[in-house]
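Computation of the quantities below employed the complete heavy-atom set of this structure, encompassing side-chain atoms and omitting hydrogens, waters and symmetry-equivalent molecules. Reminder, nothing fancy here: chain letters follow the sequence lines and each chain counts from 1.
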Amino acid sequence: MMIPNFAPRAALLRAAAAAVLIGFAPELLAQAAPAPNKGDTAWLLVCTAIVIFMTLPGLGLFYGGLVRSKNMLSVLMQCVLVFALVAVLWSLYGYSLAFTSGNAFFGGFDRLLMKGLTPEANAATFSKGVVVPELGYFAFQAAFACITCALIVGAFAERIRFAAVLVFTVLWFTFSYVPIAHMVWFWPGPDAFTDQAAGDAATAASGFLFKRGALDFAGGTVVHINAAVAGLVGAWLVGKRIGYGHEAMRPHNLALTMTGAAILWVGWFGFNAGSALEANGAAALAFVNTLIAPCAAILAWTLGEWLGKGKPSMLGAASGAVAGLVGITPAAGFVGLGGALAIGFIAGLACLWGVTGLKRLLRADDALDVFGVHGVGGIVGALLTGVFAAPSLGGTGIYDYVGNKVAENYSIGSQLLVQGTGVAVTVIWSGVVAFIAFKLAGLLTDGLRVPADEEREGLDITSHGESAYDR
Amino acid sequence: MMIPNFAPRAALLRAAAAAVLIGFAPELLAQAAPAPNKGDTAWLLVCTAIVIFMTLPGLGLFYGGLVRSKNMLSVLMQCVLVFALVAVLWSLYGYSLAFTSGNAFFGGFDRLLMKGLTPEANAATFSKGVVVPELGYFAFQAAFACITCALIVGAFAERIRFAAVLVFTVLWFTFSYVPIAHMVWFWPGPDAFTDQAAGDAATAASGFLFKRGALDFAGGTVVHINAAVAGLVGAWLVGKRIGYGHEAMRPHNLALTMTGAAILWVGWFGFNAGSALEANGAAALAFVNTLIAPCAAILAWTLGEWLGKGKPSMLGAASGAVAGLVGITPAAGFVGLGGALAIGFIAGLACLWGVTGLKRLLRADDALDVFGVHGVGGIVGALLTGVFAAPSLGGTGIYDYVGNKVAENYSIGSQLLVQGTGVAVTVIWSGVVAFIAFKLAGLLTDGLRVPADEEREGLDITSHGESAYDR
Amino acid sequence: MMIPNFAPRAALLRAAAAAVLIGFAPELLAQAAPAPNKGDTAWLLVCTAIVIFMTLPGLGLFYGGLVRSKNMLSVLMQCVLVFALVAVLWSLYGYSLAFTSGNAFFGGFDRLLMKGLTPEANAATFSKGVVVPELGYFAFQAAFACITCALIVGAFAERIRFAAVLVFTVLWFTFSYVPIAHMVWFWPGPDAFTDQAAGDAATAASGFLFKRGALDFAGGTVVHINAAVAGLVGAWLVGKRIGYGHEAMRPHNLALTMTGAAILWVGWFGFNAGSALEANGAAALAFVNTLIAPCAAILAWTLGEWLGKGKPSMLGAASGAVAGLVGITPAAGFVGLGGALAIGFIAGLACLWGVTGLKRLLRADDALDVFGVHGVGGIVGALLTGVFAAPSLGGTGIYDYVGNKVAENYSIGSQLLVQGTGVAVTVIWSGVVAFIAFKLAGLLTDGLRVPADEEREGLDITSHGESAYDR
Amino acid sequence: MKLIVAIIRPFKLDDVREALSEAGVSGITVTEVKGYGRQKGHTELYRGAEYVVDFVPKIRIEAAVPDNLEDIAIEAITAAARTDKIGDGKIFVLELQHAVRIRTGETDDDAL
Amino acid sequence: MKLIVAIIRPFKLDDVREALSEAGVSGITVTEVKGYGRQKGHTELYRGAEYVVDFVPKIRIEAAVPDNLEDIAIEAITAAARTDKIGDGKIFVLELQHAVRIRTGETDDDAL
Amino acid sequence: MKLIVAIIRPFKLDDVREALSEAGVSGITVTEVKGYGRQKGHTELYRGAEYVVDFVPKIRIEAAVPDNLEDIAIEAITAAARTDKIGDGKIFVLELQHAVRIRTGETDDDAL
Ligand SMILES: Nc1ncnc2c1ncn2[C@@H]1O[C@H](COP(=O)(O)OP(=O)(O)O)[C@@H](O)[C@H]1O
Ligand SMILES: Nc1ncnc2c1ncn2[C@@H]1O[C@H](COP(=O)(O)OP(=O)(O)O)[C@@H](O)[C@H]1O
Ligand SMILES: Nc1ncnc2c1ncn2[C@@H]1O[C@H](COP(=O)(O)OP(=O)(O)O)[C@@H](O)[C@H]1O
């Protein structure tokens, strides 16, 4: 695959990440160091809290409601433990390897073992001279890492060995999440772009995809495609559930699934609008887009089901909401309201196909449709971001940090190419890492799958020694 | 009905809405345009997120827990689709017709099809020279429109045709929610009140009820009475559920209902305190009132049940909380803490009567007591706002934007008259629009009601092809 | 017990409370009164909302899921009513007695009956010249009082008389919560520390434990130990549930318990990070610690169960999260990230022992392990705060408000002694008050316990006349 | 004595219970069951997965009656439970050899 | 063989199961049911709506026993389930014609 | 006529239902039950509290059949429900005296 020379355009980027100021540009700190605005700090911390809320209980309920009651706790348990594990790994090395300066694929060791993470440390935003407490940024990004890894468990739910989930998570987090986050989001921050030369240097020091100009506002590639591909690989390797295709595997509690979807949505405001890192108009734009894109997706999915199957379902509407949220994630701060409605509508239809037509083609028992929703929605969103970010279509365009203004010529075609590159790199990288990680996990834990009779009886009792419900 | 000449007093108002600055007073923008404070922006966006949380999943769970399990998903589905539909309509024309300058009943077309809604646009607040990102204000008000329309579905739950809900929603949103919001909340913003003449002009340009001086801090009329009347009309027109009155129709899951009530409460802090539009002392006042009024209402309802029926119930306490929240909504920023306790206590008792004594009088199967709680609580709250806003009773009084101070003579009697006018206009307007909208919906969708055997089997399976629970 | 002379060191404290500025230091107000920063205000109000969210529905679901379904509503009802009752009492006298100037054990009457609680009143923070709206502080602290009292009900769940809960709550709130809050958290605020003499006077005017230098960032003693001891006393006095020890008393819905735990966690960010009272780096530190300590505790509890019992359980993981949250509460703003991980891990293991080994020793039917988690975790956290607050271990040390810098010599040994004093005073005080309060409640309500057949049938039907579930 | 087992539509339970009370049947025991028979089930769709649900919710009533009440009870049930649509259900009659009231130890007709 | 059907109070299930085990009954099948009889139900109130709930939760036990165990089993149940308050429940005995153990195809007494 | 009661493993329900249909049995009634027998239960641990759960989830099928279908039905059930592991369940056969189809009032064989 030929990758065009994006270098000159990369200096123009505005993306959903910030560099660690300290250590990167000490000379900047020497002069009057900017202090965080308390409105930004409040915003960032609140957003972080609600992104955490997305995984626990949001994702847990969304997923848990969809499985059979005998596996409810296993799903919750996997979400909780993946969350806890990743948050600790994030502290120990993940943050440092993702968000400090290193090479194009991995960061460095500046923040290893939480070194230097004090209340006084600040992190850059997307505005020159505007910083936020680095601990806030650390926590915000921790929440992203946690939910990404937790998303994966939906694909092989109801039959995987618990220990295998943990081993897989450690490996995949380290070798897929961390580098993809670095590739897509790491840059030296806006204050490095003092003139063209400095800008070029800063661009060169950025992540592999960032420097190519890939737009991913809040994690279409890093979070959704990344997790979805890992899930799909897992579903293939772990194999289909016993009885899949001829026994009914009805969701055991769609009220919980809807509650989970709604909590995901609320948290997603933090996810997307918080990715602006400041409480400003850009955050408000991302917020509104995160509101209306899923609404359009709900209407699309509902309409699709109504026309195609005769009845519109609540699970369809809830799935549509998530589809729209996934679709708008990479675009949230880059597109206008019209673009958001379009992306939402298209993502809704695409994911409806993802969980029906595509699912039949893939022939994997992706139990909770991680790929059908997050994969399809993520790819559609990533590509459409390239389209609707165009100022001519109401988008914000790309910001030129050297010229301090929106860059003038936006080419949908070449941006689409960049976006496609981002998608392709993520799909391949995550796929390969996931494959190896699952294989290793299987070796280390006596097989990826529980024995058949344990699967029949349910993982709650056999893996965790408890039952979700008693009447 | 004789409407006294409130015009001179209207310039003194402080209410829960803001005008769109841009386009309205371009000369203001010409001079040093104020920039939003990031604390305000953070506050407004967070409040918006939690108001959205109120509908999904809050209202869905609150309502859903109260129906029989066979109709659980239909309630959730109606909440989700009404939300999605209204949010999209809000983007397309609702916001423009409600919150831009037009006549006394409808706004104009300045924001039609999201025109001009960019990250740079700002909206006025209640303080001179203080603005917030207009997109934030747009989203905040969108959340209000969504929940208002969703509130209605409780009245005719468990038997209405799904398509009829959607048709009704489009009509009622357009012809009742939008104009009532405009009548009560539209004004040109504080900066227009530069002197007496300008103030008079600004008052004249305000909404029909706003200019008369009606106080509605966060939506007692616009949201609660408006929705409750529509629900009551719907309950009458759709007719009683099969078996109503002789079969037991027990709530299927009060744990969910309580969860929903609690989520409503948390979101209501955004609803009421967010209506201050700034993160200031007024917001803190509204916040505290939103905390203690429902507490007083819980105690009142519990006491009432305990003394009247022998046992205090959890559903009673949860209903009391909502009653208190509804009651304090129009008053939240206008009354002191003592007033809030009084309003809460009275609203608690009034709504207890609303769902028992009054309900028997009304002879409608308002399935989830939309009128008994939101109608009664809304009316009680609207009227008591006129009482407890009085500075002599610890209220804030009315602010004189020309004199830049609290107006001196507050007359409880004449304010009560204004409040009563607001209530009456809302009741009649919403009632008439709802009646026509239901009739039209019935015509367009083959009857408002599902066939009897579908009602028996439950709407989840028959309308949506799915079941909420499987064990 | 000899209490060393801590007086000179108390002037160096930074703790989780603020004094009421108005009335305390009128001369300060005379000069240029500081205005609240809107970012701080937004932060404080949002934190308050999510702390409220902790009790309703968080604690309700966490506890409710653990009881048998026949008692679900009684638990929710107790949580709701305790919340409402305490919030009203807080308004009437609690806030005044806890947070205005009085003696070392009780505050005064400056805020009795909500006097002076206007939108204009401000409260001090931990930074000189920085204030927040007092109503925000009032509400924040109200939420603490409410959840503390609600925590207790878990200990005697499933058999206590509802009226007894209410009477007990009034007494214990008044005579234990209020004075302990005053003892630990009341101080005249940082602006009083103008020089050594003024600092000494301010210290002398502080609460009994505050002036001794006890560190309790967000309520390890005031909230957790306080409530846990009361619960344990209650469990003893109310007696064991019928069938305890030989009938299975399985949790009826662990999905709700997990949801509750997750909601508690999210709210705890407000609880701990909000206790910084400002949206600054200290808040970010407390936030991160509140994220990673429970993660370490989850890993610890899970590991402990896995190695000790053969299977790791979801209830264990959820309990571990709460254990870690309790443990980090007193330490959140004082320790570094490494300290947080250590405290979390230790608290996780300690509480696992608390609900197993210690529980067998205590021989009380503390139904929902209030003491095992909140008591053990609170004590462990309080003591370890003294260890890991040490700058040498990455902690913040103690701030010298006279010298306006971190004090130089931190002695872990003597701080441990102070912390132990705080624990001991809280245990004894709460224990004695709880004992008397339960005895009085029993006298006033015809016995603490419901009759045996009502306990058999379940409190939902017999005490509240309703059932949680119907299918 | 007879043990009468009736499978009926859930919403008819209250009517049937009243009819049996009036007919002199002193008690009944009720179970929530699922029935499969001539009455059609329905289809459910969860994203891509379509399930045909053949079972319909029914209520199973069990009533022990003295021999002389057999016909009366059958008639009472039939009258109360009938809607004339497929799926109204069945009545099965079994011979009951003994009955005991646990509380008193009374047996047979006295136990009912 | 006999098929013994017992309706008992839910909290007595463990006691009855143990008593039957000791009496030599090899297995039982248990159903959650609702009973209507002399024992009073209760009233529930949801806002304005008051419902009289006539049914009380009961447990239905089914045990197939060889003829010689009939009396022993009845006694065991009676002893274990009795509280002497209205609502203790009933025991019904039916004649069991055949029994089959699915796993082995063994029949009648061997199947139990 | 016979009333056949079968206790089977829950996941075998669909197979058994199909087998019975093919065998000519016109309808069945199904109950979720818990069984106690040779099959081992499991242990659950909730914090400090350990519970031994002796009961395993089972499905109880009730099918009224004409006499000539008795053996065929038993065979169909046995074949479909068998896994050869402990806990496959039992089949019990009772004599059915009468049957009534509520909808039509048809009786006995016609009612099935
Ligand atoms: N042979 C049978 N054995 C046991 N139960 C039966 C049998 N046939 C029908 N049933 C029960 O009776 C219910 C109604 O039967 P169905 O054939 O649907 O309608 P109808 O009785 O009106 O002909 C079924 O759902 C099932 O529960
Ligand atoms: N005639 C009957 N047929 C079937 N079940 C019965 C009958 N009478 C009572 N029962 C069952 O036995 C239970 C206890 O009966 P009840 O009359 O309340 O008390 P007691 O057995 O102590 O007289 C009832 O709840 C019901 O489930
Ligand atoms: N004597 C009995 N009476 C009624 N039900 C029985 C009896 N014995 C067993 N059962 C039911 O059959 C099920 C299977 O029996 P079990 O002894 O575990 O295995 P198996 O039938 O393979 O020997 C039990 O769970 C129980 O529901």
Side-chain angles (χ1 to χ4, degrees), chain A residues 36-46 48-50 52-53 55-58 60-61 64 72-74 76-77 80-81 83-88 90-91 113-114 117-122 132-136 138-139 142-143 162 253 256 259 279 460 463-471, chain C residues 37-40 42-43 46-47 50 68-69 248 250-255 258-263 265-267 269-270 273 278-285 287-288 291-292 294-299 302 305 309-318 320-321 333 336-338 341 394 396 469:
Chain A
N37 176 294
K38 283 175 157 181
D40 288 339
T41 304
W43 174 238
L44 184 60
L45 292 181
V46 173
T48 305
I50 61 178
I52 292 166
F53 195 42
T55 308
L56 304 177
L61 294 176
M72 177 63 177
L73 296 180
S74 76
L76 298 182
M77 182 69 174
V80 174
L81 263 285
F83 184 97
L85 192 58
V86 171
V88 170
W90 188 253
S91 308
L113 296 178
M114 303 160 284
L117 284 170
T118 66
E120 290 76 30
N122 291 322
V132 288
E134 190 182 347
L135 281 166
F138 166 89
F162 179 60
N253 193 327
L256 295 186
T259 304
D460 291 2
S463 295
H464 305 295
E466 49 184 352
S467 297
Y469 308 108
D470 185 61
R471 279 167 296 133
Chain C
N37 176 293
K38 283 175 157 181
D40 288 339
W43 174 238
V46 173
C47 286
I50 60 178
R68 289 164 291 176
S69 57
R250 302 199 295 176
H252 89 282
N253 192 327
L254 287 179
M258 181 272 183
T259 305
I263 289 175
W265 195 343
V266 167
F269 290 113
E278 293 174 64
N280 57 11
L285 175 64
F287 192 104
V288 168
L291 170 58
I292 64 178
C295 288
I298 290 170
L299 297 182
T302 299
E305 272 195 346
K309 304 282 176 175
K311 283 175 186 166
S313 72
M314 207 295 302
L315 175 57
L337 277 64
L341 287 174
T396 62
Y469 307 110

So for [X], is it side chain, backbone, both, or neither that comes closer than 4.5 Å to the heavy atoms of chain C?
X	result
A/A143	neither
A/S74	neither
A/P133	side chain
A/S463	backbone
A/S467	both
A/L85	both
A/L117	both

What's the spacing between [X] [atom1] and [Y] [atom2] if we round to 0.5 Å?
X	Y	atom1	atom2	value
C/T259	A/L256	OG1	CG	6.5 Å
A/L73	C/M314	CG	CE	5.0 Å
A/N37	C/N37	CG	CG	7.0 Å

Which atoms of C/N253 are under 4.5 Å from chain A, going by heavy atoms: the side chain, the backbone, both sets, or neither?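 Both the backbone and the side chain of C/N253 come within 4.5 Å of chain A.
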
Interchain contact, C/A283 with chain A, by part (heavy-atom threshold 4.5 Å):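 For C/A283, backbone and side chain are both near chain A.
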
Which heavy atom of [X] sits nearest to which heavy atom of [Y], and what is that distance?
X	Y	result
C/A317	A/M77	CB-SD, 3.9 Å
A/P119	C/A282	CB-N, 4.1 Å
C/G39	A/A42	O-CB, 3.7 Å
A/A49	C/V266	O-CG2, 4.1 Å
C/A255	A/M72	CB-CE, 3.6 Å
C/M258	A/L56	CE-CD2, 3.6 Å

Would you call [X] and [Y] a side-chain contact if the rule is heavy atoms closer than 4.5 Å?
X	Y	value
A/I52	C/F269	yes
C/L299	A/L81	yes
C/F287	A/L44	no
C/N280	A/T41	no

Give a yes or no answer on whether the side chain of A/H464 reaches the backbone of C/P312 with a donor-acceptor pair at less than 3.5 Å.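 Pair found, side chain donor or acceptor close to backbone of C/P312.
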
Under 4.5 Å, counting heavy-atom pairs only, tell me which of C/R68, C/E305, C/E278, C/K38 racks up the most with chain A.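 Most heavy-atom pairs under 4.5 Å with chain A: C/E278.
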
Tell me, out of C/G310, C/A273, C/S313, who's got the most heavy-atom pairs with chain A below 4.5 Å.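 The option with the most such pairs is C/S313.
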
Can you name the residues that form a side-chain contact (heavy atoms from CB on, under 4.5 Å) with C/V288, not counting sequence neighbours?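 Listed in chain order: A/L135, A/F138, A/A139, C/I292, C/L337.
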
Of all residues at least two apart in sequence or in a different chain, which pass the side-chain contact (heavy atoms from CB on, under 4.5 Å) check with A/A87?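 Here the qualifying residues are A/C146, C/C295.
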
